[in-house]
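Remarks on the structure that follows.
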There are 2 protein chains.
Amino acid sequence: MRVTIADVARAAAVSKTTVSRVLNAKDEVDVATGARVREVIARLGYVPSSRAVGLARGSSRTIGMLVPTLTWPWIGEVVQGVVDTVEDAGYGILLYTCNRGNESVRHFTSQVSARAFDGILVVEPENTLDTFTALHHRGLPIVLIDDRGHHPEFPSVATTNREGGASAARHLLATGRDRPLVITGPPHFGCVQDRLDGFRSVLPAGLIVKGDFTEECGRRAVEELLATATPFDSVFAHNDLSAAGALRAVRAAGLSVPEDIAVVGFDDIPMALHTEPALTTVRQPMRAMGEAAAGMLLAHLGGTPAPEEPVVLPTELVARGSAP
Amino acid sequence: MRVTIADVARAAAVSKTTVSRVLNAKDEVDVATGARVREVIARLGYVPSSRAVGLARGSSRTIGMLVPTLTWPWIGEVVQGVVDTVEDAGYGILLYTCNRGNESVRHFTSQVSARAFDGILVVEPENTLDTFTALHHRGLPIVLIDDRGHHPEFPSVATTNREGGASAARHLLATGRDRPLVITGPPHFGCVQDRLDGFRSVLPAGLIVKGDFTEECGRRAVEELLATATPFDSVFAHNDLSAAGALRAVRAAGLSVPEDIAVVGFDDIPMALHTEPALTTVRQPMRAMGEAAAGMLLAHLGGTPAPEEPVVLPTELVARGSAP
DNA sequence: CTGAAAGCGCTTACAG
DNA sequence: CTGAAAGCGCTTACAG
């Protein structure tokens, strides 16, 4: 059967207390005793039961992470950053998605109540703010990885969405474009407002079409504008997917990118390299966001107070063929 | 503080045993008593501690999942399938990646010894077969999600790689192509052998270039062949990434796709829709693989014996612009 | 139908 | 430097 601390204690002729001391590197153990215990541990291949340790200590060295879905192109990067950071610290990560909507969120919060983890990382809690506010007030350590960045009551990590929008505008302006079409994301997202504000602070855009982050919306926006012969010389889309749709529609209409119309996206997902031409875009450091968020949560669990201000990571304009 | 079973017992004026019975829906409880206990549970917002339950029961209702990385385009789909299935069953999923190589695998196996989970799901254990064989022999329930499919000693789920290769060949042949270039994946992968065998069983390929699943290898293979003026009328690449590289190189050389050279990939990752022209490819049902694997593991944990034969899911040729 | 008690495998005051 | 004992929050024979 499974090797327990009692087996080790017996084989080393000490008490469980002493084995526990060795395990947890308390320095009050005799050197020779310690060595003997360690030898037995190695020989028996003993590994403490995480459940028992967790129960006794009241914490689990596990964090929970909730994401909307794993199938969006940039989520994997964020989670990878989290997993790497968390592994370094010897923590585990329990993963949940909102794929089933409220059902999933309920499942997740019941795990919170079950104390399955010590703290949580949450990406984009659409319509679930109340839930997380309540958990936060109950004292659950939580860090938001938040595209919307407008919840000052939580520790969070975000990117410079406003500056990212501004950099897109500056880039277009510098290359002689001044009649842009802006295709936004869902308007209730804070990040969408920020990108738009930043862009307009540099380049007042007359043409603004409400989008929803899908390729479809990008394509349709361009098709409709071209159909009405509204003049524009460039597109700034609020994510790469809709930028790709716009780009495709421009070319399908017989116009060329970037000569007739330049296109700039946001995110820099892998696909951005594979459109024709490759997509100029505002890169968000997805993996770094995951690392930063996990680092903040772990620090908090380790006793460091959470930072007052959101951590904001820089975006970067990456110029490629669609807007050189 | 936290509400425990003792609090519930006290408030309902019964023993902890009875509360536990209600919690676990044993039918030996008086109806009125049961109702009263349930009412108290609801009023107090009591949720059992997963750690304590796990310790007492000897199982955790958690499964572990190990993947090579979360940044490959198809991994997210697989994990999403797993997460959905596992959530349905009321299980949690602890996620690990091999990002740090052997270091990560050690981290993972130590969690196994710590009984952090009841069973594991593993994708693509490159060079770690010994590790998992050992765990399997120790009695750990395990299901491989295995592109290589050549480990009959494990329960596993795979796809019809051989038939997938054959379908690519049939498609090319049916559209008048009979001088294909094949760009393989790493040759030690069973899936690569299968795709190659299937392809050649239909269309004996003279030109076979060893690749490594990167875009780079696809591009280089085509560039080198074009440089030596070796004639070929089509490309079958063992994944979409290298197919995209090949496609790009063909067009960069001034040839057209599919007129001069048709291109077929494998996987059907999201990017396949965004190459120019869109990529014809052999789709693997990634999410269904995750669902199937999770289902098998959960069934096993529930007492159903693991199937003798690997579960093999069908691939499907998706014709797009690159090889209509 | 119900409860007291032992046990799951650890940690942690407390005492020596 | 070391150990006996209580406790973490549950489940599960066992007895009634």
Side-chain angles (χ1 to χ4, degrees), chain A residues 1-38 40-41 44-62 90 92 110-118, chain B residues 1-38 40-41 44-62 90 92 110-118:
Chain A
M1 275 314 308
R2 176 180 170 73
V3 181
T4 71
I5 198 174
D7 300 321
V8 175
R10 198 173 315 117
V14 294
S15 71
K16 294 188 293 178
T17 308
T18 294
V19 177
S20 176
R21 286 194 181 102
V22 172
L23 248 19
N24 297 290
K26 312 275 186 199
D27 41 47
E28 41 193 13
V29 180
D30 179 81
V31 179
T33 311
R36 181 155 40 96
V37 171
R38 261 182 289 273
V40 171
I41 288 174
L44 265 42
Y46 167 68
V47 178
S49 153
S50 54
R51 279 190 290 272
V53 173
L55 184 58
R57 276 212 275 250
S59 77
S60 51
R61 293 189 81 78
T62 300
S110 90
Q111 295 301 306
V112 173
S113 310
R115 298 277 151 144
F117 29 75
D118 303 339
Chain B
M1 277 310 311
R2 178 180 168 71
V3 181
T4 72
I5 196 173
D7 300 322
V8 176
R10 198 172 315 117
V14 295
S15 68
K16 294 188 294 178
T17 308
T18 294
V19 178
S20 176
R21 286 193 182 102
V22 172
L23 248 18
N24 297 289
K26 311 275 187 201
D27 41 48
E28 40 193 13
V29 180
D30 179 81
V31 179
T33 311
R36 180 157 39 97
V37 171
R38 261 182 290 274
V40 171
I41 288 174
L44 266 42
Y46 168 67
V47 178
S49 151
S50 55
R51 280 192 289 272
V53 173
L55 184 59
R57 276 211 277 249
S59 76
S60 51
R61 293 188 82 79
T62 300
S110 89
Q111 296 301 306
V112 172
S113 309
R115 300 277 152 142
F117 30 75
D118 303 340

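In what follows, every chain begins at residue 1, and chains take the letters A, B, ... in the order their sequences are listed. Values below: all heavy atoms of this structure, side chains included; hydrogens, waters and symmetry mates excluded.
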Reckon [X] touches a base, only the sugar-phosphate, or nothing at all at heavy-atom distances under 4.0 Å?
{"X": "B/T17", "value": "base"}
{"X": "B/R51", "value": "nothing"}
{"X": "B/T4", "value": "sugar-phosphate"}

Practice task
Report yes if the side chains of A/S20 and A/T17 come closer than 4.5 Å at any heavy-atom pair, otherwise no.
Solution key: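 No, too far: nothing below the 4.5 Å cut-off.
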Could you state the atom-to-atom distance from [atom1] of [X] to [atom2] of [N] in whole Å?
{"X": "A/I41", "N": "C/dC10", "atom1": "CD1", "atom2": "P", "value": "10 Å"}
{"X": "A/L23", "N": "C/dT12", "atom1": "CG", "atom2": "C1'", "value": "14 Å"}
{"X": "B/R36", "N": "C/dC1", "atom1": "CZ", "atom2": "P", "value": "14 Å"}
{"X": "A/R10", "N": "D/dG3", "atom1": "CZ", "atom2": "C1'", "value": "16 Å"}
{"X": "A/N24", "N": "C/dT12", "atom1": "CG", "atom2": "C1'", "value": "10 Å"}
{"X": "B/D30", "N": "C/dG3", "atom1": "CG", "atom2": "P", "value": "11 Å"}
{"X": "A/K26", "N": "C/dC10", "atom1": "NZ", "atom2": "C1'", "value": "13 Å"}
{"X": "A/L55", "N": "C/dT12", "atom1": "CG", "atom2": "P", "value": "12 Å"}

Counting heavy atoms from C-beta on, name the nucleotide in [options] closest to the side chain of [X].
{"X": "A/V53", "options": "C/dT12, D/dG9, C/dC10", "answer": "C/dC10"}
{"X": "B/K16", "options": "C/dT11, C/dG3, D/dC10", "answer": "D/dC10"}
{"X": "A/R57", "options": "C/dT12, C/dT2, D/dG9", "answer": "C/dT12"}
{"X": "A/I5", "options": "C/dA4, D/dC10, C/dT11", "answer": "C/dT11"}

What are the two closest non-hydrogen atoms of [X] and [Y], and how far apart are they?
{"X": "A/R21", "Y": "A/E28", "result": "NE-OE2, 3.2 Å"}
{"X": "A/S50", "Y": "B/A116", "result": "OG-CA, 3.5 Å"}
{"X": "B/V47", "Y": "B/R2", "result": "O-NH2, 3.1 Å"}
{"X": "A/S15", "Y": "A/A9", "result": "C-CB, 3.8 Å"}

Completion exercise
Partner of A/V19 under side chain to side chain contact (heavy atoms under 4.5 Å, CB included), picked from A/V8, A/V40, A/V29, is A/V8
Check whether any side-chain nitrogen or oxygen of [X] sits under 4.0 Å from OP1 or OP2 of [N], and answer yes or no.
{"X": "A/T33", "N": "D/dT2", "value": "yes"}
{"X": "A/T18", "N": "D/dT2", "value": "no"}
{"X": "B/S20", "N": "D/dT11", "value": "yes"}

Problem - Closest-nucleotide 5' rank along DNA chain C - winner of A/A52 and B/R21 - result: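 Between the two, 5'-proximity favours B/R21.
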Exercise for the section: Report the residue (B/S49 or A/G34) whose heavy-atom-nearest nucleotide on DNA chain D is the more 5′ of the two. Expected result: A/G34
Problem - G-U wobble or Watson-Crick pairing nucleotide for C/dC14 (cut-off 3.5 Å, both distances) - result: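 Across all strands, the one nucleotide that pairs with C/dC14 is D/dG3.
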Handout entry: Distance-only donor-acceptor test, B/R115 side-chain atoms vs C/dG9 base atoms, 3.5 Å
Key = no
